[in-house]
Amino acid sequence: GLIRWNHPTKGILLPDTFLDIANDTKLIHEIGNFVIDGACKQLSLWENELENPNYSISINISAHQFQKRGFTAYLKECIGKYNIDASRLELELLEDTLIKDMDRAIKKIKGLKSLGIKFAIDDFGTGYSSMTYLQNLPVDNIKIDRSFIMDINNQSNQEIVKMIINFAKIFNLTVTAEGVENEYTLKFLKEHACDMYQGYYFSRPLPADEITQLLREE
């Protein structure tokens, strides 16, 4: 799920223009709950509208939201409210969020995974990136930061991407490449056994109704 702000005078604003302010003012909790509710509602709609079972929604969760008391309860409330299959929901967390209080993070993740929710480490490679914590965290997916993917012609980036994919395989995790924008990049990732890909090569961000049409066509 990708949030946008339809500003009355400035038009559609990307998250980079307002999420930092939201974090500073604690509005991030309201925005986060809005996104979770919307994602669960959309999953419920797709369950009734689509025959294709190959869909899910990933949500970026801020550190403030993840660490807030009541986060787990609110997620459970939304899942029950819309009666959705929780296994179609994936929560994406930054590395720094997870290692700040790892014991607490592990406990919270395990509790939500018992509902079927999946977890991903977002922007992998830009933070702590330790094999030790990767071994201990009960996550399902790691997402390679787009900065490595978009400059895949760089030899160093190629080696980093291959190393991250190998990390994922060691710990039985799936690995997703962010920022795939051309056929050459996709070919390189496929050759090195990357599991999933996202980026403008496949589609630009779209409203829910257009995504629904794409899923129908599949």
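As the structure is a prediction and not an experimental result, all values here were calculated from the model.
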Hey, what do you get for [atom1] ([X]) to [atom2] ([Y]), rounding to the nearest 0.5 Å?
X	Y	atom1	atom2	result
Q65	I31	CD	CD1	9.5 Å
I57	I211	CD1	CD1	9.5 Å
H192	M163	NE2	CE	13.5 Å
E92	S58	CD	OG	4.5 Å
D122	T176	CG	OG1	9.5 Å

Seminar exercise, completed: Residues passing the side-chain contact (heavy atoms from CB on, under 4.5 Å) test with T174, sequence neighbours excluded, are N141, D195, M196
For this session: Quick one: list whatever passes side-chain contact (heavy atoms from CB on, under 4.5 Å) with Q158, sequence neighbours left out.
Result: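 Scan of Q158 (side-chain contact (heavy atoms from CB on, under 4.5 Å), adjacent residues dropped) gives I152, Q155, Y184, F188.
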Exercise. Is R104 reaching over with its side chain to a backbone N or O of Q67, donor-acceptor style, under 3.5 angstrom?
Worked result: yes
For this session: State whether the number of non-hydrogen atoms from other residues, nucleotides or ligands found under 6.0 Å of E183 atom CD is greater than 12.
Result: no
For this session: Answer yes or no: are there more than 12 heavy-atom neighbours, outside K169 itself, under 6.0 Å from its atom NZ?
Result: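 Yes - once you tally the heavy atoms of other residues, nucleotides and ligands closer than 6.0 Å, there are more than 12.
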Exercise. What residue pairs, at least two apart or across chains, pass ring-ring contact (aromatic ring centres under 6.0 Å, His included) with a residue in residues 73-96?
Worked result: none
Enumerate, atom names and distances included, each donor-acceptor pair closer than 3.5 Å involving a side-chain atom of residues 112-119, sequence neighbours excluded.
| unit_1 | atom_1 | unit_2 | atom_2 | d |
| --- | --- | --- | --- | --- |
| K113 | NZ | D140 | OD1 | 2.8 |
| K113 | NZ | D140 | OD2 | 2.9 |
| S114 | OG | G111 | O | 2.5 |
| K118 | NZ | S87 | O | 3.0 |

For this session: Just grab all the side chain to side chain donor-acceptor pair (under 3.5 Å) pairs involving residues 38-48, residues at least two apart or on different chains.
Result: W46-T212
Problem set entry | Test side chain to side chain donor-acceptor pair (under 3.5 Å) applied to T97 - qualifying residues, sequence neighbours left out |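 T97 satisfies side chain to side chain donor-acceptor pair (under 3.5 Å) with no other residue.
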Exercise. What orientation do F202 and Y197 show, parallel under 30°, tilted 30 to 60°, or perpendicular over 60°?
Worked result: parallel
